[in-house]
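Position 1 is the first residue of the sequence; numbering continues from there. In this text, all values refer to a predicted model and were calculated from it rather than measured experimentally.
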Amino acid sequence: MTRWEYETLRPPRDETQKEAEDPKAELNQLGAEGWEFVETIDYEGGGTKYLVFKRPAQSGEPV
């Protein structure tokens, strides 16, 4: 059975609560570390609050 570990990234936001910058550098870094994008957690009124990633947990690592 595969065990997973999860990571979240909060996109940069400006004062209007909309995404202010492209988080491409952070996304590329997470991809290089083996993280795979899973889904978003959105604000009720619209906009993305968190990006959710997962990767298989390494043997012996606490999750």
Side-chain angles (χ1 to χ4, degrees):
M1 181 168 96
T2 303
R3 292 180 342 127
W4 300 98
E5 62 179 330
Y6 295 89
E7 181 65 72
T8 57
L9 171 67
R10 188 172 201 167
R13 303 178 71 74
D14 63 16
E15 60 279 352
T16 65
Q17 299 303 310
K18 298 197 188 269
E19 285 74 19
E21 296 177 23
D22 183 353
K24 188 186 301 186
E26 292 91 346
L27 294 171
N28 283 328
Q29 181 62 41
L30 287 169
E33 295 171 7
W35 295 101
E36 177 182 354
F37 175 73
V38 178
E39 68 178 300
T40 61
I41 299 173
D42 299 326
Y43 284 102
E44 267 222 21
T48 302
K49 187 169 185 178
Y50 291 103
L51 303 175
V52 181
F53 300 82
K54 73 175 183 179
R55 69 179 177 189
Q58 303 295 315
S59 299
E61 279 189 13
V63 185

Legend entry - Taking every non-hydrogen atom, the tightest pair across R10 and K49: CG-O, 3.3 Å
Inset, instruction - Work out which heavy atom in R3 is nearest to a heavy atom in Q58; give both atom names and the distance. - result: NH2-O, 4.2 Å
Legend entry - E36: side-chain hydrogen bond (donor to acceptor under 3.5 Å, both in side chains) partners, not counting sequence neighbours: none
Inset, instruction - Output the rest of the hydrophobic cluster of L51: all Ile, Leu, Val, Met, Phe, Trp and Tyr residues reachable through side-chain heavy-atom contacts under 4.5 Å, sorted by chain and number. - result: L9, L27, L30, W35, F37, F53
Inset, instruction - Report the residues that fulfil side-chain contact (heavy atoms from CB on, under 4.5 Å) with T8, sequence neighbours left out, ordered by chain and then residue number. - result: Y50, V52
Legend entry - Spacing of CH2 belonging to W4 relative to NZ belonging to K54, to within rounding of 0.5 Å: 4.0 Å
Inset, instruction - Please answer whether the main-chain N or O of E33 pairs with a side-chain N or O of R55 as donor and acceptor at a distance below 3.5 Å. - result: yes
